[in-house]
Amino acid sequence: MVYWREIPLVRLFLPFLFGIYLSEAIPFYQRELLWILPFFLASLYWLSIAQLDFGERWKSGLFSSLFFFLFAYLLTAHYDERRTSNYFTHFLEKETVLIGQVANYPHGNDAFIKIKLRVQHVQKEDDLLDCTGNVLVYLKQATTNKQSVHYGDKIILKGAINPVPPPKNPDAFDYRNYLHYQNIHHQGFIDTSHWSIVAKGQAPLLLQKAYYWQSHFLQVLQTYLTTPTTFAIASAMTLGHKDAMTDTIKNAYSESGAIHVLAVSGLHVGILSEVVLLILGLFSFRSPYWPWTKYVLSLFVIWCFALLVGATDSVLRAALMFSFLNFGRVLRRDIHPFNSLAGAAFFILIVNPYALFQIGFQFSFLAVVGIFFFYKNIYACWSPAAKLLNFFWQLTVVGISAQLMVAPLVVYYFHQFPIYSLLTGLFVVPFATGILYLSVSLLAVHTFSTTLAAYLGTCLFYLIDTQNKLIFFIQQLPFHLQEGIWLQPYELAFLYLAVFALLLMFLTKRLVWIQGIAACLCILLGTNIYKKTMSVQQQKVVVYDISKETVIDFIAGTSVYTWSSDSIALKKINYATQNHRWAVGMQHQYAINKEGAVFEAASLFRQANYLQFDDYRMVLIDKKTKLANKPPKPLYCQALLLIDSPTIAIKDLSKNYNFELLLFDQSNSRKLVNKWKVTCKKEGIPYYDIGEQGAYVVDF
């Protein structure tokens with residue numbers, strides 16, 4: 001049982017969290033508010049030295065909570081880089097010269113290198129102005145003489161830097177919001193001749209060495225793991241290198257509920273931490289300094305590993321979290337594990353309050369909370385007598401405990417639930433542990449004994465190969481994945497209320513909490529019935545924003561009828577449309593055959609390029625459309641959609657069609673669209689530019 005008095009850091013952490021959330025939800029920031037903080041500090045000091053009666057101690061708690069709430073609110077507001085006086089966009093021109101340092105490990109392909117640039121200078125005429133800020137840059141590479149860009153290199157570039165655009169399709173992934181929580185708000189696409197490396201190796205020496213050893217160890221793994229699949233898994237799980245991962249592998253691990261093992265994070269750092277402590281625990285010394293020696297050695301191994309895998313945010317979070325947890329172990333009963341966890345979260349969020357809104361942070365800490373709460377209760381259900389079996393059962397329970405706490409977030413963010421995720425958890429954590437052990441051992445002995453390294457490499461190969469076969473087997477099972485689950489934030493809240501009711505049932509040993517679980521599930525069932533009822537009655541038309549293509553959805557209840565370009569790939573369609581189709585509760589999808597003479601279903605009628613959906617009429621104008629010189633009577637329609645850059649005059653359209661709105665999608669050339677818009681403004685014709693304004697949606 002957890003007592004409230006044993007976890008003071010958790011009590012202070014809750015108002016701190018609320019302050020960060022409210023700062024983003026209600027962005028009101030005045031620098032003058034900073035003067036309130038000293039007042040609260042003075043009040044806290046006075047309350048700490050005052051001899052308050054037991055009934056007045058709430059005053060100290062209230063002022064402490066208010067101080068941490070306000071501190072978090074102002075900290076989060078001030079963290080936004082756009083509020084700094086020398087933010088680089090204050091000096092931007094049409095084409096700006098920027099000088100900055102590469103702030104991440106570059107990723108890319110043969111055409112582009114994607115980097116995060118920490119801007120240091122802006123060139124204004126002949127002057128270099130000091131500035132700050134981050135920008136996402138895509139550097140185009142030459143087909144010959146390709147430059148190798150590394151972390152810490154200083155780069156000069158010239159080009160247009162623009163704000164990151166919002167999502168242009170309904171319910172699409174908000175990439176702008178994703179970058180905002182990394183403090184990136186602008187991006188640029190730089191041509192080959194407009195960028196160059198000014199100086200190499202400007203990163204701290206420690207990080208440069210870590211990058212070198214990571215590259216070296218990748219070569220070692222590639223030497224002993226000869227197949228692309230086994231190398232991709234080992235490099236991702238051991239060194240955090242994902243460039244070798246294919247879509248087939250990612251989909252298999254995602255659909256089987258094992259995608260988390262491919263990202264080096266809390267699971268891997270936790271396994272490594274436990275292994276180090278287990279090995280050090282074999283040695284027993286009576287010295288009072290031995291517990292602290294073990295702690296320092298575990299810290300050294302954890303942080304070396306964090307640097308080795310690239311010091312990504314997720315790994316640094318996990319390393320810091322287990323550093324705090326192991327510190328609590330050294331002090332034994334003096335620090336509750338939840339205090340250690342709250343301390344780690346405090347430290348991370350003070351350095352970067354935006355981490356609260358990042359999926360990795362949420363997954364890491366919720367997984368550890370789940371392990372703290374569920375592990376002992378699940379493990380108590382079965383205690384194998386055999387030590388080896390008991391060891392694997394413990395690892396399995398760790399995976400199941402973490403998944404129970406993280407599962408609602410997986411459904412909320414990814415709109416899918418792997419049905420056999422608990423089955424996957426029975427073997428994926430033990431396998432991940434073995435792969436991590438063997439990989440680290442292989443990297444350690446490679447220099448000293450190639451014979452032993454070859455043996456370890458063979459064992460590692462077969463272990464990864466067996467794991468892959470199990471993963472692909474689960475992916476082939478019937479009903480292995482439930483897709484299209486679209487949760488609203490309030491539904492996610494009720495799911496976690498049900499989880500916490502389950503936790504309370506375990507902690508208090510009282511079955512009365514089953515009523516709370518049942519109540520939450522009944523509410524969720526009721527909201528689901530309501531959403532289903534509303535989705536059956538819906539009717540809407542959506543013309544999506546897709547580069548160089550045309551896709552139109554006619555949504556009638558839970559059925560979706562799609563008109564799309566001939567050449568467009570299914571993956572490109574799904575990227576733009578899938579989230580919205582899931583959000584509207586799509587159950588059936590039909591492709592409208594453009595070659596057929598007539599298509600008729602439900603309230604939709606199509607003949608050639610004429611489409612009527614209930615009372616809404618739309619006509620598509622493409623390159624094959626022929627207009628009459630003197631039509632007997634203009635055809636009435638609500639919208640004309642111009643596609644595939646038809647060579648047609650806007651004035652001639654007005655003679656043939658009586659329309660309310662002219663639409664241009666992204667299948668047209670930008671130059672032609674701009675020409676049409678000039679004509680529309682001159683003639684007073686209402687128009688809608690999907691490329692600039694986003695998807696066109698008619699809801700009726």
Side-chain angles (χ1 to χ4, degrees), residues 168-170 539-556 560-569 572-573 576-577 580 589-628 631 633-677 679-680 685-700:
K168 291 186 177 180
N169 289 310
Q539 283 190 308
K540 63 167 63 177
V541 178
V542 184
V543 185
Y544 293 97
D545 177 77
I546 303 179
S547 175
K548 299 180 181 180
E549 304 291 351
T550 300
V551 175
I552 311 169
D553 272 354
F554 299 91
I555 301 171
V560 175
Y561 301 89
T562 301
W563 195 103
S564 62
S565 304
D566 290 321
S567 59
I568 187 171
K572 196 172 183 180
I573 293 180
T577 67
H580 185 58
Q589 183 181 1
Y590 307 93
I592 301 176
N593 185 2
K594 298 186 289 297
E595 298 300 326
V598 177
F599 181 92
E600 189 170 3
S603 54
L604 176 66
F605 173 80
R606 182 195 66 79
Q607 183 173 10
N609 280 9
Y610 174 82
L611 301 107
Q612 180 169 342
F613 185 58
D614 199 16
D615 293 329
Y616 186 84
R617 299 176 178 87
M618 176 184 287
V619 176
L620 310 183
I621 306 295
D622 58 16
K623 292 180 179 179
K624 298 178 182 179
T625 303
K626 296 181 180 180
L627 301 179
K633 183 179 179 182
L635 177 66
Y636 173 75
C637 60
Q638 276 86 351
L640 279 182
L641 175 60
L642 275 61
I643 61 175
D644 295 333
S645 301
T647 55
I648 204 163
I650 300 297
K651 292 182 180 180
D652 293 337
L653 288 175
S654 300
K655 296 177 183 178
N656 285 260
Y657 298 99
N658 179 17
F659 57 90
E660 298 177 6
L661 185 66
L662 198 59
L663 302 175
F664 319 123
D665 73 357
Q666 290 245 57
S667 64
N668 303 290
S669 73
R670 199 71 230 163
K671 183 178 180 181
L672 195 55
V673 169
N674 291 333
K675 182 180 178 181
W676 290 337
K677 287 164 67 174
T679 304
C680 288
I685 299 173
Y687 68 88
Y688 187 94
D689 183 0
I690 293 173
E692 286 188 356
Q693 298 170 262
Y696 177 71
V697 181
V698 181
D699 200 341
F700 52 91

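Residues: numbered from 1 along the sequence shown.
The aromatic rings of Y616 and F700 sit parallel, their planes meeting at an angle under 30°, below the 60° perpendicular limit. Ring geometry for F599 versus Y561: interplanar angle over 60°, hence perpendicular rather than tilted (30 to 60°).
Here the closest non-hydrogen pair linking K572 and S547 is NZ-O, 2.8 Å. In terms of heavy atoms, I592 sits closest to R606 at CG2-NE, 2.9 Å.
D652 contributes no side-chain N or O that, together with a main-chain N or O of K655, makes up a donor-acceptor pair within less than 3.5 Å. A side-chain donor-acceptor contact under 3.5 Å links N668 to the backbone of L642. Q693 places no side-chain N or O within donor-acceptor distance of the main-chain N or O of A695, the cut-off being under 3.5 Å. Checked by atom type and distance alone, the side chain of Y636 never pairs as donor or acceptor with a backbone atom of E660 at under 3.5 Å. K168 places no side-chain N or O within 3.5 Å of a backbone atom of I690 that could act as its donor or acceptor partner. Panel note: side chain S667, backbone I643; no donor-acceptor pair is recorded below 3.5 Å. Checking side-chain atoms of N169 against main-chain N and O of D545 turns up a donor-acceptor pair under 3.5 Å. Distance alone, capped at 3.5 Å, places no donor-acceptor pair between the N674 side chain and the K671 backbone. A distance-only check finds no donor-acceptor pair linking the side chain of E600 to the backbone of F605 [under 3.5 Å].
With rounding to the nearest 0.5 angstrom, the CD1 atom of I650 is 9.5 Å from the NZ atom of K675. Rounding to the nearest 0.5 angstrom, the gap separating the OH atom in Y696 from the CG atom in L661 is 5.0 Å. Annotation: the span from N658 atom CG to Q638 atom CD amounts to 10.0 Å, rounded to 0.5 Å. With rounding to the nearest 0.5 angstrom, the CG atom of D665 is 7.5 Å from the OG atom of S565. Interatomic distance, OH of Y657 versus CG of L662, reported as 11.5 Å (0.5 Å rounding). Between the CG atom in L604 and the CD atom in Q612 there is a gap of 9.0 Å [rounded to 0.5 Å].
Taking the six-membered ring where the residue is Trp, the centroids of W676 and F664 are separated by under 6.0 Å.
Using a 4.5 Å heavy-atom cutoff, the side chains of I621 and N609 are not in contact. Contact check for L635 versus Y610: side-chain heavy atoms found under the 4.5 Å cut-off. Counting only heavy atoms from C-beta outward, the side chains of F613 and V698 never approach each other to under 4.5 Å. At least one side-chain heavy atom of I555 sits less than 4.5 Å from a side-chain heavy atom of H580. Counting heavy atoms from C-beta on, the side chains of P646 and T625 never come closer than 4.5 Å.
Here the options are D553, T550, T577, T562, the test is side chain to side chain donor-acceptor pair (under 3.5 Å), and the partner is Y544; only D553 passes.
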- request: Report the C-alpha separation of Q666 and I546 in whole Å, then their side-chain angles, then the decisive distance to 0.1 Å, and conclude whether the side-chain contact (heavy atoms from CB on, under 4.5 Å) test is met.
  value: CA-CA 6 Å; Q666 290 245 57; I546 303 179; 5.9 Å; no
message: side-chain contact (heavy atoms from CB on, under 4.5 Å), that's the test. Do L611 and V541 meet it? Break it down for me.
response: CA-CA 11 Å; L611 301 107; V541 178; over 6 Å; no
Test log, rule side-chain contact (heavy atoms from CB on, under 4.5 Å), inputs M618 and V543: CA-CA 11 Å; M618 176 184 287; V543 185; 4.0 Å; yes
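Electrostatic pairing of E692 and R670 counts as a salt bridge here, judged by a charged N lying under 4.0 Å from a carboxylate O.
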